[in-house]
Amino acid sequence: MIVSWNATNECNLKCAHCYRDAGAKKSEELTTEEGRALIDEIARAGFKIMIFSGGEPIMRPDLYELVAYARERGLRTVLGTNGTLITPAVARQLKEAGVMAAGISVDSMDKKIHDDLRGVSGSWDAAVDGMRACRETGLGFQVHTTVMDFNYDEILNLTDFAVQSGARGHHVFFLVPTGRAVEIAEASIKADQYERLLRRLLEKQKQVPIEIKPTCAPHFLRIAKQMKVDMRFTRGCLAGLSYCLINPVGVVQACAYLDMPAGNVRETPFSEIWREAQVFQQLRTRKYNGKCGRCDYEDVCGGCRARAMYYYDDYMGEEPWCLYGAGRKGQ
């Protein structure tokens with residue numbers, strides 16, 4: 001089970017697609033002691049992997065202390081970062097504290113496209129420097145890329161770049177319009193583009209020594225089965241099933257892109273929220289509406305719950321960007 005904590009809303013970039021609408025630190029963010037208590041509850045609830053993200057988590061002064069505490073509680077800790085603040089010294093501190101790997105965002109081989117999306121000139125070079133610092137320090141890292149219509153044709157080139165840079169993996173995120181990303185919703189790729197790119201990525205997986213993982217495109221497992229590509233993943237959408245997120249002020253959500261409060265850890269212990277929250281209980285029924293409820297691949301896919309919420313105002317609705325139309329249950 002995986003949990004992500006947006007440890008701070010503070011960020012040094014101004015990314016156009018930020019689901020958190022990050023920038024300034026929020027005055028009511030969880031304190032160090034509250035963070036340690038949250039980690040206790042996460043361990044108590046049975047989670048195994050904890051992602052520290054943001055905002056930009058490196059901007060939180062007590063990050064190393066909290067990572068070390070999570071390690072003490074038996075959690076495998078990883079970092080979601082824009083990479084621009086990772087110097088060799090920072091990489092060493094992260095590794096010593098217990099970070100197992102860092103996910104660093106690179107969205108284009110064209111520096112200007114990346115920098116324009118990230119809102120700060122020089123962010124591409126700084127992210128690549130961060131990757132280099134991780135590699136030279138022995139801190140594992142993977143490249144994260146968000147797919148949009150303007151970088152759609154270069155995703156496989158970014159996989160090659162990840163390999164050349166020494167990354168352990170290339171995680172390809174498919175845009176879900178939430179937070180600031182609502183303003184660029186028109187940049188989302190559509191169903192036929194999803195299908196083509198997912199097939200290209202699965203073909204690419206046969207050719208490269210690193211892991212390629214589509215994210216927020218759960219039908220990749222349906223396509224993997226159709227293409228007979230073996231993958232270690234067993235389910236696409238994990239929201240509320242074996243994954244959830246805590247935002248900087250303690251609000252729990254089923255995923256980063258499904259902005260529906262399940263509870264607040266300042267009011268209710270996290271383990272209780274995870275066990276009893278109504279939104280989690282409904283997601284766990286897996287009784288989806290529309291084509292997702294009739295699909296032969298529901299057991300491995302589940303559709304994107306956040307995308308269903310954005311487009312249909314129904315988080316149990318059907319995945320809007322899936323082309324699958326044959327072999328439905330009951331037909």
Side-chain angles (χ1 to χ4, degrees), residues 2 17 49 51 53 76 78-83 86 91 95 99-111 113-114 117-118 123-175 189 192-238 297 300-301 304 321-323:
I2 306 171
H17 59 309
I49 299 173
I51 304 168
S53 63
R76 179 182 174 87
V78 296
L79 192 72
T81 172
N82 59 47
I86 301 181
K95 186 177 180 181
V99 171
M100 302 299 294
I104 298 177
S105 299
V106 180
D107 296 299
S108 177
M109 293 303 298
D110 185 318
K111 295 181 184 183
I113 291 175
H114 176 94
L117 180 66
R118 297 284 162 180
S123 58
W124 191 95
D125 284 325
V128 173
D129 286 345
M131 291 162 56
R132 184 179 302 111
C134 289
R135 183 178 67 248
E136 293 175 353
T137 309
L139 175 62
F141 70 95
Q142 59 197 31
V143 173
H144 289 178
T145 300
T146 299
V147 181
M148 284 163 277
D149 56 6
F150 52 80
N151 66 353
Y152 176 81
D153 291 326
E154 60 173 320
I155 300 303
L156 300 190
N157 291 337
L158 283 159
T159 299
D160 291 333
F161 177 68
V163 173
Q164 294 160 11
S165 301
R168 294 180 178 177
H170 185 203
H171 286 212
V172 181
F173 290 73
F174 289 72
L175 185 70
I189 63 172
D192 57 340
Q193 294 173 301
Y194 266 79
E195 194 86 5
R196 288 197 299 273
L197 181 55
L198 289 170
R199 289 184 178 276
R200 287 161 56 199
L201 286 168
L202 289 169
E203 286 292 345
K204 187 71 170 178
Q205 180 64 90
K206 301 174 185 177
Q207 305 164 14
V208 295
I210 67 172
E211 178 179 87
I212 299 175
K213 167 63 166 63
T215 300
C216 299
H219 36 300
F220 84 91
L221 280 175
R222 181 259 299 172
I223 295 171
K225 281 185 172 289
Q226 291 171 331
M227 294 175 63
K228 296 181 170 54
V229 177
D230 291 330
M231 306 196 79
R232 67 179 178 89
F233 309 102
T234 57
R235 185 166 177 81
C237 184
L238 304 178
Y297 291 96
V300 297
C301 175
C304 178
W321 300 137
C322 178
L323 283 180

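Here the structure is a predicted model, which is why all the values come from computation and not from measurement.
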Practice task
Return the set of residues passing side chain to side chain contact (heavy atoms under 4.5 Å, CB included) with Lys206 (not counting sequence neighbours), or none when no residue passes.
Solution key: Glu203, Val229
Exercise for the section: For Ser105 and Ala127, work out which heavy atoms get closest and say how close. Expected result: O-CB, 4.0 Å
Practice task
Quick one: closest heavy-atom pair of Ala91 and Ala133, and the distance?
Solution key: CB-O, 3.8 Å
Exercise for the section: Keeping to residues at least two apart or across chains, list the ring pair (Phe, Tyr, Trp, His ring centres under 6.0 Å) pairs with something in residues 211-238. Expected result: Tyr194-His219
Fill in the blank from the handout: Smallest heavy-atom separation, Ile212 atom then Gln205 atom, equals N-OE1, 2.7 Å
Practice task
Could I get the full list of side-chain hydrogen bond (donor to acceptor under 3.5 Å, both in side chains) partners for Thr159, not counting sequence neighbours?
Solution key: His170
Practice task
Evaluate the side-chain proximity of Phe141 to Thr81: yes if any heavy-atom separation is below 4.5 Å, no if none is.
Solution key: no
Practice task
To the nearest 0.5 Å, tell me how far Asn82 CG sits from Trp124 CH2.
Solution key: 14.5 Å
Handout entry: Contacts of Arg235 that satisfy salt bridge (charged side-chain N to carboxylate O under 4.0 Å, His left out) - sequence neighbours left out
Key = Glu298
Exercise for the section: Report the C-alpha distance between His17 and Phe173 in whole Å, list the side-chain angles of each, state the deciding distance to 0.1 Å, and finish with yes or no for side-chain contact (heavy atoms from CB on, under 4.5 Å). Expected result: CA-CA 11 Å; His17 59 309; Phe173 290 73; over 6 Å; no
Exercise for the section: Sequence neighbours left out, what pairs pass salt bridge (charged side-chain N to carboxylate O under 4.0 Å, His left out) with at least one residue falling in residues 212-228? Expected result: Glu195-Arg222
Exercise for the section: Identify the two heavy atoms, one from Ile104 and one from Cys134, that lie closest to each other, and give their separation to 0.1 Å. Expected result: CD1-SG, 4.1 Å
Problem - Contacts of Asp230 that satisfy side chain to side chain contact (heavy atoms under 4.5 Å, CB included) - sequence neighbours left out - result: none
Exercise for the section: Would you indicate whether the side-chain heavy atoms of Lys204 and Ile155 approach each other to under 4.5 Å? Expected result: no
Exercise for the section: Taking Tyr152 for its side chain and Gln193 for its backbone only, find out whether a donor-acceptor pair lies under 3.5 Å. Expected result: yes
Problem - Sub-4.5 Å side-chain heavy-atom contact between Asn151 and His114 - result: no
Practice task
State which residue, out of Thr215, Thr146, Leu197, fulfils the side-chain contact (heavy atoms from CB on, under 4.5 Å) condition with Phe174.
Solution key: Leu197
Practice task
Kindly compute the distance separating CD (Gln142) from CZ (Arg168), expressed to the nearest 0.5 Å.
Solution key: 9.0 Å
Practice task
Could you grab the distance from atom CG of Asp107 to atom CG of Leu117, nearest 0.5 Å is fine?
Solution key: 5.0 Å
Problem - Minimum side-chain heavy-atom gap Val143-Ser165 below 4.5 Å - result: no
Practice task
Kindly give the heavy-atom pair with the smallest separation between Ala167 and Ile210, and that separation in Å.
Solution key: O-CG2, 3.2 Å
Fill in the blank from the handout: Residues passing the side chain to side chain contact (heavy atoms under 4.5 Å, CB included) test with Ile51, sequence neighbours excluded, are Ile2, Ser4, Ser53, Val78
Handout entry: Results of salt bridge (charged side-chain N to carboxylate O under 4.0 Å, His left out) for Asp125 - residues two or more places apart only
Key = Lys111
Handout entry: Side-chain heavy atoms of Cys237 within contact of Cys304, under 4.5 Å
Key = no
Handout entry: pair Ile49-Met100: side-chain heavy atoms closer than 4.5 Å
Key = no
Practice task
Would you please name every residue forming a salt bridge (charged side-chain N to carboxylate O under 4.0 Å, His left out) with Arg200, sequence neighbours left out?
Solution key: none
Completion exercise
Hits for salt bridge (charged side-chain N to carboxylate O under 4.0 Å, His left out) against Asp153, two or more places apart or cross-chain, chain-then-number order -> none
Practice task
Determine whether Leu201 and Leu156 make a side-chain contact, defined as any pair of heavy atoms from C-beta on separated by less than 4.5 Å.
Solution key: yes
Handout entry: Qualifying residues under side chain to side chain contact (heavy atoms under 4.5 Å, CB included), relative to Ile113, sequence neighbours excluded
Key = Ser108, Asp110, Phe150, Glu154
Problem - Close side-chain approach of Gln226 to Arg199, heavy-atom, < 4.5 Å - result: yes
Problem - Inter- and intrachain pairs under salt bridge (charged side-chain N to carboxylate O under 4.0 Å, His left out), touching residues 126-148, at least two apart - result: Asp129-Arg132
Exercise for the section: State the OG1-CG distance between Thr145 and Leu158, to the nearest 0.5 angstrom. Expected result: 4.5 Å
